[in-house]
Every structure is written in C-alpha cells, then in structure tokens.
Amino acid sequence: QVQLVESGGGLVQPGGSLRLSCAASGSIFGINVMGWYRQAPGKQRELVAAITRGGSTNYADSVKGRFAISRDNAANTVYLQMNSLKPEDTAVYYCNADKIVYRGGSSHDVWGQGTQVTVSS
C-alpha cells in the first residue's frame with residue numbers, strides 16, 4: 001500500500017505563517033503530480049496548489065502571492081509554505097497524488113487524511 005501523511009497544521013493568527021508537509025511512503029519509484037486541496041465547513045473541496053515532477057506549478061487565485069508549493073522528489077515529499085494567512089484560509093488541507101508508481105504496482109488519486117489549519121485571532 002501507498003500512504004500520504006500530512007503534518008504542519010495548527011492555529012495561527014491572521015498574518016501568520018505555516019508550512020505543511022506531505023510525505024509518501026511505500027517503496028515509491030515516482031510520483032507524477034502532487035497537490036494540496038482544502039475544504040472548509042459547508043464548502044466544496046478546492047485545489048489550492050499543484051506541482052508536477054518537473055517543478056511546474058499552478059495556484060488558486062485566492063492564494064497567489066501568499067502560498068508556495070515545492071517538492072523533494074528524492075524524499076517523495078511535497079510542501080506548502082503559507083504566508084500572510086487570512087481567516088478565509090481556515091480549512092482542512094489534504095495532500096493528493098494523481099499517480100504513484102511503487103514496487104509492485106501503481107495507485108491513482110491518492111489522498112492523505114488531512115491536517116487542520118485554523119486562522120483566527
């Protein structure tokens with residue numbers, strides 16, 4: 001089995017920063033696209049940022065200029081640096097991998113358990 005485990009969430013004041021990490025495990029050979037999604041109460045899950053194996057990135061308009069996604073291919077890990085946080089950023093953040101090739105097979109659309117980010121004074 002392949003698993004994604006997120007970490008780094010927490011409670012911060014408006015204007016603060018957090019760095020989320022997501023590590024994939026399971027004797028992995030490679031991961032195509034990794035991304036971060038979020039879901040607030042009463043809202044649909046939405047894409048926050050995504051990054052390809054080659055480093056191309058895409059961001060939601062609401063986070064451009066504030067968030068930065070990066071990845072370490074050797075460590076099979078993706079990061080999300082979140083700066084200038086706003087109350088509207090409050091949500092459960094989920095890590096996603098569209099395709100993971102690992103010893104014994106491959107998995108598609110793999111999700112982590114999520115990590116809570118709360119921005120409040």
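Just so it is clear, the model here is predicted, and its values are computed rather than measured.
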Heavy-atom side-chain contact between [X] and [Y] under 4.5 Å:
X: Val78; Y: Cys95; result: yes
X: Phe67; Y: Gln81; result: no
X: Arg53; Y: Arg71; result: yes
X: Ser120; Y: Pro87; result: no
X: Tyr37; Y: Val48; result: no
X: Asp89; Y: Met82; result: no

Q) Once you round to the nearest 0.5 Å, how far does OG of Ser106 lie from CD1 of Ile100? A) 9.5 Å

Q: Would you give the length of the straight line joining atom CD1 of Ile51 to atom CG of Asn32, rounded to the nearest 0.5 angstrom?
A: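 One finds 11.5 Å between CD1 of Ile51 and CG of Asn32.
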
**Q.** Full working for side-chain contact (heavy atoms from CB on, under 4.5 Å) between Val2 and Ile28
**A.** CA-CA 8 Å; Val2 176; Ile28 294 169; 4.2 Å; yes

I need the minimum non-hydrogen distance between [X] and [Y], along with the two atoms involved.
X: Met34; Y: Asn76; answer: CE-O, 4.4 Å
X: Ile69; Y: Gly35; answer: CD1-CA, 4.3 Å
X: Lys43; Y: Gln39; answer: O-NE2, 3.2 Å
X: Ala91; Y: Ala40; answer: CB-N, 3.8 Å
X: Gly26; Y: Tyr102; answer: O-CB, 3.4 Å
X: Tyr79; Y: Ser21; answer: CD2-OG, 3.3 Å

Q: Kindly check if the number of other-residue, nucleotide or ligand heavy atoms within 6.0 Å of CD (Glu46) is above 12?
A: yes

Pair [X]-[Y], side-chain donor/acceptor within less than 3.5 Å:
X: Tyr93; Y: Arg38; result: yes
X: Ser17; Y: Asn83; result: yes
X: Gln116; Y: Thr118; result: yes

Q: Applying side chain to side chain contact (heavy atoms under 4.5 Å, CB included) between Val117 and each of Thr90, Leu80, Leu18, report the one that passes.
A: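 Going through Thr90, Leu80, Leu18 one by one, the side chain to side chain contact (heavy atoms under 4.5 Å, CB included) with Val117 is satisfied by Leu18 alone.
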
Answer yes or no: is there a donor N or O on one side and an acceptor on the other, between the side chain of [X] and the main chain of [Y], under 3.5 Å?
X: Ser62; Y: Ala60; value: no
X: Asp109; Y: Asp98; value: no
X: Asn73; Y: Gly30; value: no

Q: Please test Cys22 against Trp36 for side-chain contact (heavy atoms from CB on, under 4.5 Å), starting from the C-alpha separation and ending with a verdict.
A: CA-CA 9 Å; Cys22 172; Trp36 289 95; 3.6 Å; yes

**Q.** From CA spacing to verdict: side-chain contact (heavy atoms from CB on, under 4.5 Å), Thr115, Leu20
**A.** CA-CA 8 Å; Thr115 184; Leu20 306 183; 4.1 Å; yes

**Q.** Full working for side-chain contact (heavy atoms from CB on, under 4.5 Å) between Trp111 and Glu6
**A.** CA-CA 10 Å; Trp111 293 89; Glu6 304 101 332; over 6 Å; no

